[in-house]
There are 4 protein chains.
Amino acid sequence: MVTEHLGAARTPGRPRSEKAEKAIIDAAIDMIAEGTGVAELSIEAIAARAGVGKTTIYRRWSNKEDLVVDALATLKAPMPELEGKSVREDVIRYLAGMQQETHHRRTRCIMNIALSESERFPHLAERFREIAVKPRRDALRAVVQRGVDSGELRADVDVEVAMAALTGAMIFFTKWRENDDELPADLPERIADQILAGLLP
Amino acid sequence: MVTEHLGAARTPGRPRSEKAEKAIIDAAIDMIAEGTGVAELSIEAIAARAGVGKTTIYRRWSNKEDLVVDALATLKAPMPELEGKSVREDVIRYLAGMQQETHHRRTRCIMNIALSESERFPHLAERFREIAVKPRRDALRAVVQRGVDSGELRADVDVEVAMAALTGAMIFFTKWRENDDELPADLPERIADQILAGLLP
Amino acid sequence: MVTEHLGAARTPGRPRSEKAEKAIIDAAIDMIAEGTGVAELSIEAIAARAGVGKTTIYRRWSNKEDLVVDALATLKAPMPELEGKSVREDVIRYLAGMQQETHHRRTRCIMNIALSESERFPHLAERFREIAVKPRRDALRAVVQRGVDSGELRADVDVEVAMAALTGAMIFFTKWRENDDELPADLPERIADQILAGLLP
Amino acid sequence: MVTEHLGAARTPGRPRSEKAEKAIIDAAIDMIAEGTGVAELSIEAIAARAGVGKTTIYRRWSNKEDLVVDALATLKAPMPELEGKSVREDVIRYLAGMQQETHHRRTRCIMNIALSESERFPHLAERFREIAVKPRRDALRAVVQRGVDSGELRADVDVEVAMAALTGAMIFFTKWRENDDELPADLPERIADQILAGLLP
DNA sequence: GCATAAACGAGACGGTACGTCGTGTCTTATA
DNA sequence: TATAAGACACGACGTACCGTCTCGTTTATGC
């Protein structure tokens, strides 16, 4: 890469079509967003939808998984702004962001895929963590750490455990709630306040 | 069943073989435990492994999901005893139970299946919640409620949120930890203490 | 076969569908008769035309060639009656039969296939010889031999060479004539008479 | 072409490479000689074998058949000398030539291709007739005609039928003999004598 | 000598057919 | 009536070539 301007090697033959690549990824994302599971995704269908020969897909990705990984990578995960005045405010905003994401069809599907296929498609899961989970985690960690540093939170707070409790609680409600009722609107506040305050009298 | 000895109506023809049924379910469980995802589970393979015709499977279950549901039902989820002297002790024991389950290959696979396929196989998820999640949830709820009633915990504790925080934190570590290092042995204590104490000074 | 009534082995499972088999062979024959060469014959197309899964074809024949062999076998080649009063009359009738066969679309196609694909599909050629060529050859040999025996032909006639000359001459006109003009109607007589009479003065 | 010496327009750009052309034809011939049927001949393989791009082939020939036609044209068919003293001698020499050709691997393959693919590749067949069949046919016709003119043969001999009988008989033995035994060495004599003498007493 | 322009190798492109596998249904003989 | 065995129509798999289409490079001339 560094030496490219010095006459770096150029592969001979016709270069791969970026248009085709985009069409393939778009088709895959659309189908996933429409509810097709990764396992149900057929290369044949993606090719047909993208108006592309199957070979053009196999030339780029040897697995369905690799394709989906690349597809996921194109999805920019919008991040909530967490520059609030207090830890409580930021945490609530963060949790509210999580809660809201379950409403957007596209985000929800992608997230579900990422979460639910992780066991079977480890590459996929890892990549998802990298592009979607990690930035959020880092943002939340910064919020908590800032609280510890400023004295807003206790000095002996275990940052990782605190993050796990906050995030885990919301995920728990989102994914394993017992009925399909809408989540209460004040859930972020309730989670934040309770974890901040603790359970002890 | 109960009235059978009274000469009640008996369906004519050859009765279904319990042996076959057991063989099918065993085969399915084994394959899942060996890492085969529900989607990858092929009826053909189950039949071959169980030494059974495919018809014999389809006669009993109309689809793969129903089969897996029944297979799951045969797995008795051992519950930790939560009759400890304090809320803290019980919570730690509960979390430790969760953590340990991730070590047993079989339990882990089953749990992963149940968790990860929930989106695509809703019946399966529901059934799993019923036989595996609910009893635990109830047990934990009882522990927390007991704490509230006894004054060991604050009176205004939101029991559901507390449960979500405790369970969610552990799941978070179990499923979304950043590296594959062994979980620290004192994780249950750390989670319990932090959530009990809260984050505020 | 002979001992079948004594309790011969019966393969378990659903027996192969004769209807499907017939549909496949019919489809193949039709496509060949319509001018599709053996090499151009696609299993996919045969299956579609026969309303049959590809597997059903592959289950029966491992090669396209084997399929065509069996297809050919179902074609009964009608034989001319050769019970005439003289060798000359029988020979002319025989040659006229050959000439006529080139007019019937179906017969012609089959024959062409058989002849033209023989190099690449040896099984096919062998089978064709067996069911189509040999009976005719035998019939002609009988005619010539009868002539020798009866004194109608010379005693020192080389029967095989005589047959080759007669049949070969007609094939030569049929397949390698220089233009596509219709063959003259009196060709059988001309060939027969000339070969019977010889070239010497 | 005609005006070239007048300084006519010369096509600009790089001229076609004769080397490439030769390499392509050689590759094609080799593959045919090795037993590959025309239908099995893949342009891809020819290009690879010739070390040439596929475009270079398609630029010269619009289809496989045209390529093979040109390939065949490069094969000079050696003709037997037929300047013998008698018709009998020349005919025997001619037939012996046919018989021998079936021994040379290369000749045999080419001939087989030409014969067997004629139905499906009409251009090919026509060209083959032109470069390989017609000269021989003409030579044989001259021999027979010479016999008729000189009185060595009967005046009323049908030259075309005589040629068909002679050539056809040999082809018949060559291509449709019942077993794979070696052809008898005296076959040319036997055919010639029998056809010259006729079958009648 | 240097621009022009076609031919060149390489290889990607949209397709079609390949032969295999798994689906869920069906059809046998046997229990 | 249930069973095992296995055939059935269907549809997706991943591969091989098809004939076409870019690429960057090479190789002849004509200015």
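This is a predicted model, so every value here is computed, not measured. Naming: A, B, ... by sequence-line order, numbering from 1 per chain. Heavy-atom basis, side chains included; hydrogens, waters and symmetry copies ignored.
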*Asks:* Is there any protein nitrogen or oxygen under 3.5 Å from a nitrogen or oxygen in nucleotides 28-30 of chain E, and what are the pairs?
*Replies:*
none

*Asks:* For E:dC8, take OP1 and OP2 only and decide whether either is under 4.0 Å from a side-chain N or O of D:R60.
*Replies:*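 Result: yes.
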*Asks:* Of D:N63 and B:E18, whose nearest nucleotide on DNA chain F comes first from the 5' end?
*Replies:* B:E18
*Asks:* Show the nearest heavy-atom pair for residues A:A50 and A:A23, with the distance to one decimal.
*Replies:* CB-O, 3.5 Å
*Asks:* Checking C:W61 against C:I24 for the side-chain contact (heavy atoms from CB on, under 4.5 Å) test, could you report, in this order, the C-alpha distance in whole Å, the side-chain angles of both residues, the deciding distance, and whether it holds?
*Replies:* CA-CA 11 Å; C:W61 300 279; C:I24 294 166; 3.7 Å; yes
*Asks:* For the pair made of CD in C:E65 and P in E:dC18, what is the distance, rounded to whole Å?
*Replies:* 15 Å
*Asks:* Measure CD/A:E40 against P/E:dT23 and give the value in whole Å, please.
*Replies:* 13 Å
*Asks:* Can you see which heavy atom on D:R60 is nearest to which on D:S17, and at what distance?
*Replies:*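 Minimum heavy-atom separation between D:R60 and D:S17: NH2-O, 3.1 Å.
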*Asks:* Run the salt bridge (Lys or Arg N to Asp or Glu O under 4.0 Å) test on C:E21 and C:R16 for me, step by step, so that the C-alpha distance in whole Å, both residues' side-chain angles and the decisive distance to 0.1 Å come before the verdict.
*Replies:* CA-CA 8 Å; C:E21 193 142 341; C:R16 303 225 172 130; over 6 Å; no
*Asks:* Does the pair D:R49/D:E34 count as a salt bridge with the N-to-O cut at 4.0 Å?
*Replies:*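 Between D:E34 and D:R49 there is a salt bridge, with a charged N closer than 4.0 Å to a carboxylate O.
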*Asks:* Take the protein atom CD of B:E21 and the nucleotide atom C1' of F:dT3, then report the distance between them rounded to whole Å.
*Replies:*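 After rounding, the reported distance stands at 14 Å.
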*Asks:* Using side-chain contact (heavy atoms from CB on, under 4.5 Å), reason through A:D26 and A:T74 one step at a time and then give a plain yes or no.
*Replies:* CA-CA 9 Å; A:D26 282 355; A:T74 68; over 6 Å; no
*Asks:* Please answer whether the main-chain N or O of D:D66 pairs with a side-chain N or O of D:N63 as donor and acceptor at a distance below 3.5 Å.
*Replies:* yes
*Asks:* Distance check needed: E:dC18 P versus C:W61 CH2, whole Å only.
*Replies:*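 Roughly 15 Å, once rounded to whole Å.
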*Asks:* Let's see if you get this right: which residues in residues 41-59 of chain B place a heavy atom under 4.0 Å from DNA chain E?
*Replies:* B:L41, B:S42, B:I43, B:E44, B:K54, B:T55, B:Y58
*Asks:* Judged by atom type as modelled, is there a donor-acceptor pair below 3.5 Å linking the side chain of A:K64 to the main-chain atoms of A:L41?
*Replies:*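 Side chain of A:K64 to backbone of A:L41, a donor-acceptor pair under 3.5 Å: yes, one is there.
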